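The block underneath contains the structure these notes are about, expressed in structure tokens.
When a ligand or atom number is given, it counts from 1 through the structure's own listing order. Nothing fancy with the numbering, it's 1 onward along the sequence. Predicted model only: the values in this text are computed from it and were never measured.
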Amino acid sequence: MGIAPWNRRHVLSLADFTPDEYNTVLQTTASFREVLSRRTKKVPALQGQVVANLFFEPSTRTRSSFELAAKRLSADTLNFAASTSSLTKGETILDTAKTYLAMGTDLMVIRHREAGVPQAIALEMDRLQSNVGVLNAGDGLHEHPTQGLLDLFTLCESLDSDSPQLELLQDKKIAIVGDILHSRVARSNIWSLTASGAEVHLAAPPTLLPKLFAEFIKSDVATPLPRRLFLHWTLDPALKDADFVMTLRLQKERMSQFLLPSLREYHQQFGITRDRLQQCNPQVQVLHPGPVNRGVEISSDLMDDPRLSLIAQQVTNGVAVRMALLYLMGGGKS
Ligand code: NCD
């Protein structure tokens, strides 16, 4: 199968991704996975280009993953941390972005606690008629498209490592469990997984899964397959015969009070354990975007079980997916 041409300057959301675009990312990621398994894990694809990582919010894996991805493509990387930057002197975010533009940045990776900041920077870059591509590395409660794509790759790869494609997930049952309300990861995953033809089942206490989520996918452009999304306020109906279970962190830093009785009770009702997985498909595998509250959303032994947990693969694949996107966005420009 050939790779469809890439026409997207910015990657800000998965809401309007087409099946061709998903498959282009999956196939390109597969080839970078191969590069990463070599002794020399570096290619000259982005030599001479500048990738700026602008993280206005704490991050371990996403930030390191983007940095490593850029380095493995031979780009020059600029790393910015809000706390040691001129933001503390009153500079606006757009002026910070324009400073990086003036230094010759080609690709900007943006994480911010407010939804919409990467979009605002992308609009400004377009208004200035620059060729800069902007990648959303997580904005508020809105989206985290590269996490959605690495999760998608990890799922498809676990079904067919030689040829990971979107179509492999058709009619699979995927449960997303946990703090959906505060999760940009869940929002990006809902777009990608429903586009694949999978049945997506969300499960959380009602305070963390408002009914409004049922409307979520209706606002989107049409997909060839009908999007299938189901909501549950107890765990068992979501887990029954599930092929994959994606757990999410309880985002205590974003929670107002009174959303949950206690962490212990939450674990009893929604925590994923080996026992709870008995009702899933016997081949079931578990994902988590990290960071994990061990013993809260997932039991510690399950998290560390390489037979059942895809968590380490998610992190490994994150580098290859980000290489693929930086490559496609950087290459699309030349
Ligand atoms: C997530 C995030 O920051 O949105 N983590 C990540 O990027 N891997 C999820 C979280 O913080 O719980």
Side-chain angles (χ1 to χ4, degrees), residues 11-15 29 53-70 79-82 109-119 135-155 175-193 202-205 207-209 213 244-256 259-260 263 266-267 270-272 286-298 300 303 309-323 325-326:
V11 174
L12 303 171
S13 158
L14 298 183
T29 301
N53 287 316
L54 310 184
F55 278 64
F56 299 91
E57 191 197 67
S59 166
T60 305
R61 67 213 79 217
T62 306
R63 184 190 163 127
S64 309
S65 182
F66 266 114
E67 186 176 349
L68 191 56
N79 285 307
F80 157 99
V109 180
I110 320 269
R111 167 168 289 199
H112 199 280
R113 64 189 294 275
E114 312 266 343
V117 170
Q119 285 83 340
L135 256 155
N136 179 4
D139 63 329
L141 305 187
H142 174 228
E143 279 213 45
H144 193 346
T146 59
Q147 182 72 42
L149 293 168
L150 78 89
D151 290 341
L152 181 70
F153 182 83
T154 304
L155 292 166
I176 304 181
V177 182
D179 186 358
I180 290 159
L181 177 66
H182 297 103
S183 179
R184 52 193 175 210
V185 175
R187 286 170 177 80
S188 289
N189 269 304
I190 289 171
W191 292 125
S192 52
L193 300 178
L202 309 180
T207 46
L208 298 181
L209 178 55
F213 265 83
F244 296 101
V245 179
M246 193 176 283
T247 54
L248 298 172
R249 183 175 70 91
L250 281 185
Q251 301 201 19
K252 285 175 268 182
E253 75 280 14
R254 294 187 208 271
M255 279 188 194
S256 54
L259 283 173
L260 288 174
L263 293 185
Y266 176 83
H267 182 69
F270 288 94
I272 305 297
V286 178
L287 298 91
H288 192 305
V292 177
N293 296 305
R294 277 182 184 264
V296 180
E297 59 261 1
I298 182 168
S300 207
M303 183 182 162
S309 161
L310 290 171
I311 298 173
Q313 281 93 312
Q314 286 175 278
V315 177
T316 304
N317 290 336
V319 178
V321 163
R322 290 173 177 123
M323 284 174 83
L325 284 168
L326 292 171

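- Using a 4.5 Å heavy-atom threshold, the side chains of Thr146 and Leu325 count as touching.
- Contact residues for ligand 1 (protein heavy atom closer than 4.0 angstrom to any ligand atom): Arg61, Thr62, Arg111, His144, Gln147, Arg184, Val185, Arg249, Gln251, Pro289, Gly290, Pro291.
- Within the 4.5 Å cutoff, the side chain of Val321 has no heavy atoms near those of the Leu152 side chain.
- The pair Arg61-Glu67 fails the salt-bridge criterion, with no side-chain N (NZ, NE, NH1 or NH2) lying under 4.0 Å from an Asp/Glu carboxylate O.
- Smallest separation of non-hydrogen atoms from Phe270 and Val177: O-CG1, 3.7 Å.
- The existence of a salt bridge linking Arg187 and Glu143 is excluded, since no basic side-chain nitrogen approaches an acidic carboxylate oxygen closer than 4.0 Å.
- In plain terms, the two heavy atoms of Leu209 and Leu202 that are nearest each other are CD2-O, 3.7 Å.
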